[in-house]
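Quantities reported herein were computed from a predicted structural model and do not represent experimental measurements.
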Amino acid sequence: MTPPTSTTEKEISMPVKTAPTDSTDRDTEKGDHIERLESHRIPNETFKLTLGKYLAISGLLVGFLANVFNQLFAQNSMVKINTAIATVPAPFIGYLSDIYGRRNFILIGSVLAFIGTAVSANVSTIPRLYGASAIIGAGACLHQLAIPALCEIVPRRWRPFAIGCFAIGLASGTAFGPVIAASIMVHHSWRVLYWVPFAVNILAFFLTFLFYHPTNQYVKGEGKKSSQQALHLDWVGGFLFVIGATIGLLGTTFGTSPKTLGTLVSGLCMLFGTIPYGYVMRNRLSYALFPNTIFSQYRQYTVFLWPIFFCSLVFGTTVVIWPQQVQLLYTQDSVKAGWYVSAPSISAVLVAPVYGILLQRFARFSRWILTFLVFTLTLLAACQAIVSPTSSAASTALVCLMGVVYSGIVVGFTSYMQLVPHRWLGTSFQFDEFLRVIASSGAALCFPLILTNKLTDLLPKDVAIPLAEAGVNPSLIPQVIDALTTGSSTSPVLGELSPQQLGIAVLGIQKAFISSFRIIYYSTIALGVPCIFLVALSRSFDNLLGPEVELKLLEGLHINPKTDTGEGVIIPQGGRWL
């Protein structure tokens, strides 16, 4: 299949004497003229979702879906940490994809992911599993480019809806992943957990390779080869960000002792040091990592960086604490527990396209819609403190509502991140995804630490003393507590307790856990309140929802088509990309 020729194509590098009219043009102001560096744009009325576009988008979706399966199936905390560390370079990868195109990065992501999953399915030692998970994480980091790849092939005014539809396309993983994982563990080997995403990655690779062919996606320097162009990239900014984030994440992993606190502080200093560096160098480098967008479009971009992080932490209570609450208070059946854990995700994905339509239709009120959603998320997180052994219905309803609200926040925040100038599309989204991954990792580390510390204080009062008063041998009490808190219901020490003593122990442990859960849920108020004010001070994005399409696809099945016609973005000698 060959695409029809477009009569609407125009040169993408031309001086203009008029003043900048929007944030995209303001970013490229230089001297006495505006240097317009735009991709080919197709008028909205000529855009159609053809079969070729559906197949290309399907390849992007399936690759992202494989990531979701990997994340949900990984139960070991160190596997999650390795994956998070592998995702640290995401913003720099997005930056490279903005310059060199996204297709090859996405294909490499599929290759890395199915290598990592194949190795994971065949490992015999835990260290090898950790190493394989790092490979999977690197593949996932590249697969995340699917969102900017999707957004650049639909009209800008469609992007919120496209993001919502993409979310519902991930439903089989986000909504039913825990149930699928529990069923596999009950009826099959744990290795099947890795063969499922392996097969999905294979499918994603072939769909992307055969049907996703963006034209003129590359940024070129006038008179420079790709190797020469690489010498002018912002390697210093990338180094500061990647190394700083890695050191900081490792610092959180090692704990909060004085010896490791220096690691955390030095990593954060390097990470935040990229901000003044980016501000100084944004007009001095040909390929700056941080464009003027992050500094000039602050009410429609920068102000959302903190809410993205903190709202992910707030929702982390549902991701991290809710499964423990289910297992401890409501059911020990792994399949039933899987349905409980899946409840917020099932409710979330079904409404994502609705939020896309809502944000497009009422774009002029988008900041107020998001302000209301952030407020509601914070309120619902605090309301989870109603937890009790008999609160299964109410608590499930609350986490379902949290899933519905968080779905709107993700669609809204991602829309803001994808309405930046096209030349920063991949970098912007990868910052968004990086913040969510780091927040999720922080929630997975901090909330269990808070839980452990509170249990250390509460278990002696709520369990040890009542058991001693009930006549249990004090030397057996630590073993009883360990057996019940780890779920070892067949431990011999439990057989030495009378039914009354065992009931006292179970009730005491539940009481200690419930008190600890409540403290965590109430703590989310401190995270959510600042986000409410930040989003309220932002600006709605109705002025950014234009009719243009940023990229044209060569549609149909092709093996090795010519997609570079020489009409892409060309940087003149001494000029700047941003």
Side-chain angles (χ1 to χ4, degrees), residues 51-52 54-76 79-80 82-83 86-87 102-126 128-147 149-150 165-213 334-335 338-339 341-342 345-346 349 433 557-559:
L51 177 61
Y54 275 118
L55 290 171
I57 293 173
S58 296
L60 304 174
L61 173 65
V62 172
F64 209 105
L65 179 62
N67 298 345
V68 174
F69 277 122
N70 280 321
Q71 292 170 6
L72 291 172
F73 289 174
Q75 299 298 321
N76 187 285
V79 172
K80 293 182 179 179
N82 281 358
T83 303
T87 310
R102 280 172 258 286
R103 182 175 184 270
N104 290 335
F105 287 95
I106 294 172
L107 289 172
I108 293 171
S110 292
V111 173
L112 290 175
F114 65 63
I115 289 174
T117 50
V119 172
S120 298
N122 291 281
V123 295
S124 56
T125 63
I126 295 299
R128 292 179 182 177
L129 180 62
Y130 294 160
S133 72
I135 299 175
I136 295 172
C141 177
L142 298 175
H143 269 157
Q144 289 163 2
L145 295 170
I147 294 289
L150 165 70
C165 290
F166 198 90
I168 202 171
L170 302 174
S172 59
T174 56
F176 303 106
V179 178
I180 296 172
S183 299
I184 290 175
M185 290 296 291
V186 170
H187 301 290
H188 303 281
S189 166
W190 63 268
R191 300 180 189 275
V192 179
L193 295 177
Y194 289 99
W195 287 122
V196 171
F198 171 83
V200 176
N201 273 300
I202 294 290
L203 176 60
F205 177 86
F206 282 106
L207 283 173
T208 304
F209 180 78
L210 295 175
F211 297 104
Y212 177 55
H213 302 288
S334 59
V335 176
W339 282 108
V341 174
S342 298
S345 298
I346 294 174
V349 296
E433 193 66 21
L557 190 155
H558 301 278
I559 302 298

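The side-chain hydrogen bond (donor to acceptor under 3.5 Å, both in side chains) analysis of residues 195-208, with sequence neighbours excluded, yields no pairs.
Partners of Ala199 under the side-chain contact (heavy atoms from CB on, under 4.5 Å) rule, at least two apart in sequence or in another chain, do not exist in this structure. The ring-ring contact (aromatic ring centres under 6.0 Å, His included) search around Tyr212 returns none, not counting sequence neighbours. The side-chain contact (heavy atoms from CB on, under 4.5 Å) check on Ser120 picks up Leu129, Ala132, Ile136, Tyr194, with sequence neighbours excluded. Residues passing the ring-ring contact (aromatic ring centres under 6.0 Å, His included) test with His213 are His558, sequence neighbours excluded. Ile135 pairs by the side-chain contact (heavy atoms from CB on, under 4.5 Å) definition with Leu112, not counting sequence neighbours. Scanning for ring-ring contact (aromatic ring centres under 6.0 Å, His included) contacts around Phe166 gives Phe64, with sequence neighbours left out.
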For this session: Could you go through the side-chain contact (heavy atoms from CB on, under 4.5 Å) check for Leu142 and Ile106 one step at a time?
Result: CA-CA 5 Å; Leu142 298 175; Ile106 294 172; over 6 Å; no
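For Ala113 against His143, the heavy-atom pair with the smallest separation is CB-CE1, 4.2 Å. For Ala204 against Ser110, the heavy-atom pair with the smallest separation is CB-OG, 4.1 Å.
For the atom pair OG1 of Thr117 and CZ of Phe114, the computed distance is 8.5 Å after rounding to the nearest 0.5 Å. Atoms CG and CG, from Leu55 and Leu60 in turn, are 11.0 Å apart once rounded to the nearest 0.5 Å. Within the model, atoms CG of Leu557 and CG of Leu51 stand 10.5 Å from one another, a figure rounded to the nearest 0.5 Å.
Annotation: side chain of Arg103 is in contact with side chain of Phe209 (closest heavy-atom distance under 4.5 Å).
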